[in-house]
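Presented below is the structure to which this report refers.
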Amino acid sequence: MKPKGGASGSRRLLGRLRDVMAGGGTAEQRLDKVVKLIAMDMVAEVCSCYVMRAGEVLELFATEGLLQAAVHKTRLRVGEGLVGDIAAHARPLALADAQSHPLFAYRPETGEEVYRSLVGVPIIRSGRVIGVLVVQNKSLRNYTEEEVETLETVAMVLAELVASGDLVGQDELAPVDGNALLPLRLEGVRLNAGVGIGQAVLHEPRIVVRRLVAENAEAEMGRLREGLARLRRALDDLLDSQDLAFGGEHRDVLETYRMFADDAGWVARIGEAIRSGLTAEAAVQKVHEDTRVRMSQVTDPYLRERLHDLEDLANRLLNQLVGDDAGARPARAELPENAVLVCRSMGPTELLDYDRRRLRGLVMEEGSPTMHVAILARALDIPVVGRIKDALAKIDGGDPLIVDGDNAQVFVRPAEDIREMFAASLRARAERLAVFAMMRDLPAETREGEKIALMLNAGLQIDLPQLAATGADGIGLYRTEMPFMARPQLPDVAAQTQLYRRILDQAAGKPVMFRTLDVGSDKLLPYWESGDEDNPAMGWRSIRITLDRPAVLRHQLRALIAAAAGRELHVMFPMVAEVAEFESARKLLELELARVRSRDEPPPSRVRVGTMLEVPALAWQIDALLRRVDFISIGSNDLTQFMFAVDRGNPRISERYDVLSPAMLNFLRWIVGRCRAAGIPVSVCGEMAGRPIEALALLGLGVRTLSMSASSVGPVKAMVRSTKLPEIESFMAGLFDLPDHSIRERLRGFALDHGIAI
Ligand code: PEP
Ligand code: MG
């Protein structure tokens, strides 16, 4: 007899299942009826349901066709046998000749030796496998794709029965951790710095879908269309909301994300699930579970992040579809005053659903620094630690937590002394911040009254409000690559122009040094093949890429020129190793300026062209360079890397040499001296400029412009205001010939003796 497949077959089966589920009897009795029904419908001799028990063991709970004595007796570990394999990989398996498969584990009590073919699917709930549904036949049967899909749809309905708590206790369904009540320290990856102390709130976006099987597929398609329309409107509202009105990188994120709501593939997959007999909400949930499972197998970080966005969207759509269903979504009103969210992962808009004033931190089982929710958390100043293995298993709702973003660790139920230590450091931080805030309007002047320019390093539009908040003099380094990295493709000239214009508008007349695209090495673009390089930091990166692909640089320069129409434009090129490279890049800029003039478009009022100095070779052509540039910015991060031949991204050696070594300081002194003699402004924009002791040394070398992250402006200003330049200059003069590894301790002693705030 030919098995019944296709959408209509699946619909019929679902209809019958619904009747069984709604009927009387215990959960086990219902499960028995269900396996019978499936076996009959799929023309199979066997249909069995395995349920996950504590300790990652799959237990046979019901079977049609295998020996009844095996029920509750046959048990397989996850990964053991074909059933265990389906659970381990959370994916279906269809085998015409199952017995010859190397993983086949024969269990005599089942009497299954006569069954040759097997198809099984995982039963999934909330992204976890909670059971396996298996069908077997005596003949060598090739199961069709439709049959596998039908079984998957059925498994979804069965998931409700398994998860109801009537078959096994809820506590068995939840993953357990033996040490649940002991204090734990968990290590992860730093996604945003800072410390937060609070109480765990398990982020549970899941909405309970009660109506699974549909009466009328057309009506459900209509509900889906309406739900999608409401979802799009809600996203538009979110985009327009007051909170996000100042624009910024996270606005770009949400806009990209909004496009997913129009993703034809996603909508089509939901449509297919509806045609197989599910309600609109059950269809969304099915596609959503499939996505979750796929996500756990995708390794490409970019793709994973996009899948997270889709998952977030699925949750919102579910909310639209069952939003009226009272109690379907957990209320967020009871969010404690000091909530630390714990989740597997989270979409960007889900974070915005919470009252940010009550959020103290975010802990995720997954995550990477470029994922959208991390970018948003940075904008909201919420510490985040990601890739905490089994966070949801180890942390219970209400557990006291400390999120230490600085050191990428999370303390669960910390002991009193640890809690007190972090609380004290938070208090000290708050006090320091209050002092720095008070200093905001005081000038960055040394004690004898010399003005030092303190500038900001920025890379996201949301950094711009920091100009006013810190009282900085401008943006000394604008890293333009961030928006290139956050998008699925190269932004075009119009998009770039708009972005750069917004930045200049927000800078309100303060100078912004735009650095052209500096990608490659650790900053990879998802849409560009990077190629395998043995030494990417010394590889095809930065200006080398943009000179090889001049159209990319020309488009960026075109956008910068257009954005700066009528205003001053500062442009600098990264990773320049020789004057000829600077000249090639500047020629492209001149071509773009000529283009604007020939088209009678308004040019910038003045264009200042500079370069980063971060490759030592360039310093040895400094005189030729100084005749051609308007300013120089020293990138001490890369410069140190190339001076000492030490990979800045390798924690094992990155701290081995000190920027305060006589070698580095001699080199810097020489560069700064030549710049000053030629009357060319020079600044330092690497990390060293933002650390008070290093910045003090830079003042001693003659540097008068420092560019740093916003959080460094207060501490560096405090140092500047307590320093006398002649004193530090004469102190440093005696240190350049020392054979020492570093002059750090001598500088620290000098600062303490002279009352300098470091
Ligand atoms: C530097 O190298 O010092 C620098 C500022 O550039 P980035 O850190 O972006 O490489
Ligand atoms: Mg650099």
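Whatever order the structure lists ligands and atoms in, that order sets their numbers, starting from 1. For this chain, numbers begin at 1 and follow the sequence in order. Since this is a predicted model, take the numbers as computed values, not measurements.
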Original post:
Applying a strict 4.0 Å limit to heavy atoms, is Glu687 in contact with ligand 1?
Top reply: no

Subject >> Proximity flag Gln641 to ligand 1, non-hydrogen atoms under 4.0 Å >> reply: no

Which atoms of ligand 1 are found less than 4.0 Å from any heavy atom of [X]?
X	value
Glu614	1 (C), 2 (O), 4 (C), 6 (O)
Asp638	1 (C), 2 (O), 3 (O), 10 (O)
Gly686	3 (O)
Met612	4 (C), 5 (C), 6 (O)
Leu477	5 (C)

**OP:** Decide whether Ser542 and Asp518 meet the rule of one side-chain donor and one side-chain acceptor closer than 3.5 Å.
**Re:** yes

**OP:** Tell me yes or no: between the side chains of Gln556 and Thr480, is some donor less than 3.5 Å from an acceptor?
**Re:** yes

**OP:** For Asp623 and Arg674, run salt bridge (Lys or Arg N to Asp or Glu O under 4.0 Å): C-alpha distance rounded to whole Å, both residues' side-chain angles, the deciding distance at 0.1 Å, then the answer.
**Re:** CA-CA 8 Å; Asp623 294 331; Arg674 301 304 276 215; 2.6 Å; yes

Subject >> Glu614, N/O/S atom nearest the Mg ion (ligand 2) >> reply: OE1

Original post:
Looking at CE of Met732 and CG of Leu660, how far apart are the two atoms once the value is rounded to the nearest 0.5 Å?
Top reply: 8.0 Å

**OP:** State the CG-CE distance between Leu477 and Met708, to the nearest 0.5 angstrom.
**Re:** 12.0 Å

Side chain, backbone, both or neither: which applies to [X] and ligand 1 if a contact is any heavy-atom pair less than 4.0 Å apart?
X	value
Cys685	both
Arg479	side chain
Ile634	neither
Met575	neither

Where the side chain of [X] meets the backbone of [Y], is there a donor-acceptor pair that is under 3.5 Å apart?
X	Y	result
Ser742	Arg744	yes
Arg440	Phe436	no
Asp630	Val609	yes

Subject >> Residue Asp638, metal the Mg ion (ligand 2), N/O/S under 2.8 Å >> reply: yes

**OP:** Measure up the Phe731 and Phe750 rings against each other and bin them: parallel (under 30°), tilted (30 to 60°), perpendicular (over 60°).
**Re:** parallel

